[in-house]
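Notes to accompany the following structure.
Computation of the quantities below employed the complete heavy-atom set of this structure, encompassing side-chain atoms and omitting hydrogens, waters and symmetry-equivalent molecules. Read the numbers this way: they start at 1 and go in the same order the structure lists the ligands and their atoms.
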Amino acid sequence: MIKESQYLDFLNSLVLGDKHRCREIFVSLANEGCELEDIYINLIQRALYKIGRMWENGEISIAEEHIASNISEYLVDISLSYFETAPPCGRSIIITGIDKDFHDIGARMVTNLFELHGWSTRFLGGNTPKKDVLNMIKHLKPNLVGITYCMYINFLRFIEMLDEITSLFPDQKIIVGGQGLSYDENNSLAKYENVTATNSIEEIKKFILDTGY
Ligand code: B12
């Protein structure tokens, strides 16, 4: 359980660009026995959403927002070394962003949660060309493909990626997430049989633990 004072200390340090203090807070939470997903959602994600609003309202500069995002990325990258990972479970996932969308911190978190539970993961990051994603799926034949989609202006690129994956690999199971999902008012994703769209950590955990993959 993350105390409000710890969250506020973290947010403040993030805005100030104090990487050392952010790391200290992260490490002390991990040492206190806080779950990784709790730290991801209730500390880092919560702070980044707030940073986004502050940037939108002109309360912080682009430079400050960039530092906050770099520190968060760094913490997510080192986070697994503070937790015990399960032995390999024989399942694999490729997680990617879409062309022209740089937002990938959430997908990094999701990748790490799979890795924590013994999945073999390949994280391609944001802004990955579709043809390279398709090639990698062809060669690695993962149990699951994860796609993150953040900005609504990329909706078409996102749908093109889904269309190509599902037509070239009709049995491929796919999980998609990211803030872009909230713009899908027409429920365009419902027609894809093998696609699950979710930002719920509980649902993501169900995928991770489902031995059917
Ligand atoms: C950090 C950040 C950036 C960084 C990204 C760095 C990186 N490596 O990711 C940088 C500086 C590059 C950036 C750039 C821009 N950004 Co920006 N950015 C943000 C910010 C502050 C935080 C994003 C973040 O990491 N959130 C925290 C993560 C943990 O949350 P999440 O992504 O939602 O992920 C969770 C779930 O969605 C889900 N999930 C995510 N992916 C996946 C995948 C799968 C498979 C599953 C199952 C689940 C899942 O699980 C995660 C954990 O719970 C947001 C504010 C916000 N509201 O998020 C703005 C925000 C997303 N950015 C925005 C904008 C406008 C931009 C720019 C256009 C700004 C500009 N003028 O240059 C550019 C676009 C660049 C591009 N072409 O992509 C807007 C988007 C508005 C919109 N409606 O589309 C936002 C909302 C800010 C705002 N308030 O306006 N940004």
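- Residue-ligand proximity, I204 to ligand 1, at heavy-atom distances under 4.0 Å covers atoms 47 (C), 48 (C).
- Shortest contact from atom 38 (C) of ligand 1 to any protein heavy atom: N199 OD1, 3.2 Å.
- By the neighbour-count criterion of 12 heavy atoms within 6.0 Å, atom CD of E193 is sparsely surrounded, having that number or fewer from other residues, nucleotides or ligands.
- Under the 4.0 Å distance rule, the nearest protein heavy atom to atom 79 (C) of ligand 1 falls outside the cut-off.
- Residues L14 and S72 are in side-chain contact: their nearest non-hydrogen atoms beyond the backbone lie under 4.5 Å apart.
- The part of I41 lying near ligand 1 is the side chain, judged by heavy-atom distances below 4.0 Å.
- Listed by number with element, the atoms of ligand 1 under 4.0 angstrom from any heavy atom of K100 are 76 (C), 77 (N), 78 (O).
- Distances below 4.0 Å separate heavy atoms of D101 from the following atoms of ligand 1: 78 (O).
- N154 and Y149 get closest at one heavy-atom pair: C-CE1, 3.9 Å.
- D101 places no side-chain N or O within donor-acceptor distance of the main-chain N or O of G126, the cut-off being under 3.5 Å.
- Residue-ligand proximity, M109 to ligand 1, at heavy-atom distances under 4.0 Å covers atoms 29 (C).
- Nearest to atom 8 (N) of ligand 1 by heavy-atom distance, out of I95, N127, I175, D104, is D104.
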Q | D163/Y192 under side-chain hydrogen bond (donor to acceptor under 3.5 Å, both in side chains): CA gap, chis, key distance, verdict | A | CA-CA 9 Å; D163 281 344; Y192 299 97; 2.5 Å; yes
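- Less than 4.0 angstrom separates some heavy atom of T198 from each of these atoms of ligand 1: 46 (C), 47 (C), 48 (C).
- Nearest protein heavy-atom neighbour of atom 50 (O) of ligand 1: V110 CG2, 3.8 Å.
- Less than 4.0 angstrom separates atom 54 (C) of ligand 1 from none of the non-hydrogen atoms of the protein.
- The ligand atoms of ligand 1 that sit less than 4.0 angstrom from a heavy atom of H66 are 11 (C).
- Among all non-hydrogen protein atoms, the one lying nearest atom 24 (C) of ligand 1 is L48 CD1, 3.9 Å.
- Protein heavy atom in closest approach to atom 32 (O) of ligand 1: Q179 NE2, 3.7 Å.
- With no hydrogens or angles considered, no side-chain donor-acceptor pair links S182 and Y152 at under 3.5 Å.
- Heavy atoms from other residues, nucleotides or ligands lying under 6.0 Å from CD of E35 number 12 at most.
- The atoms of ligand 1 that sit less than 4.0 Å from any heavy atom of Y152 are 82 (C), 83 (N), 84 (O).
- With respect to the salt-bridge test (charged N to carboxylate O, under 4.0 angstrom), the residues R21 and E24 qualify.
- Not close to ligand 1: Y40, with no non-hydrogen atom less than 4.0 angstrom away.
- If you check the side chains of Y74 and R23, you find a donor sitting under 3.5 Å from an acceptor.
- At a heavy-atom distance under 4.0 Å, only side-chain atoms of E73, from C-beta outward, approach ligand 1.
- Residues Y49 and Q179 meet the side-chain proximity criterion, which asks for heavy atoms closer than 4.5 Å.
- Listed by first and then second residue, the salt bridge (charged side-chain N to carboxylate O under 4.0 Å, His left out) pairs that reach into residues 197-213 are E37-K205, sequence neighbours excluded.
- Other residues, nucleotides and ligands contribute at most 12 non-hydrogen atoms within 6.0 Å of the CD1 atom of I62.
- Close approach to A107 involves these atoms of ligand 1, each under 4.0 Å from a residue heavy atom: 41 (N).
- In this structure, atom 61 (C) of ligand 1 has a protein heavy-atom contact shorter than 4.0 Å.
- For the pair F169/V145, no side-chain contact is recorded, criterion being any heavy-atom separation below 4.5 Å from C-beta on.
- In this structure, atom 33 (O) of ligand 1 lies nearest to the protein heavy atom Y49 OH, 2.5 Å.
- Of the charged side-chain nitrogens involved, at least one lies within less than 4.0 Å of a carboxylate oxygen, so that E4 and R46 count as a salt-bridged pair.
- Within 6.0 Å of atom CZ in R122, 12 or fewer heavy atoms from other residues, nucleotides or ligands are found, so the atom counts as exposed in its surroundings.
- Ligand 1 has no nitrogen or oxygen under 3.5 angstrom from a nitrogen or oxygen of R108.
- Within the 4.0 angstrom cut-off, atom 85 (C) of ligand 1 has no protein heavy-atom neighbours.
- Protein heavy atom in closest approach to atom 82 (C) of ligand 1: Y183 OH, 3.5 Å.
- With a cut-off of 2.8 Å, the protein N/O/S atoms near atom 17 (Co) of ligand 1 add up to 1.
- No chain of hydrophobic side-chain contacts below 4.5 Å, direct or via other Ile, Leu, Val, Met, Phe, Trp or Tyr residues, connects I147 to M109.
- For atom 49 (C) of ligand 1, the nearest non-hydrogen atom from the set G106, G126, S72, G178 belongs to G178.
- When only modelled atom types and interatomic distance are considered, Y40 and N112 share a side-chain donor-acceptor pair under 3.5 Å.
- Under 4.0 Å is where a charged nitrogen must lie from a carboxylate oxygen, and between D99 and K130 no such pair does.
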Q | side chain to side chain contact (heavy atoms under 4.5 Å, CB included) between F10 and L75, intermediate numbers included | A | CA-CA 12 Å; F10 183 79; L75 289 177; 3.6 Å; yes
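- For atom 35 (C) of ligand 1, the closest non-hydrogen atom of the protein is Q45 OE1, 3.3 Å.
- Protein heavy atom in closest approach to atom 46 (C) of ligand 1: G177 CA, 3.6 Å.
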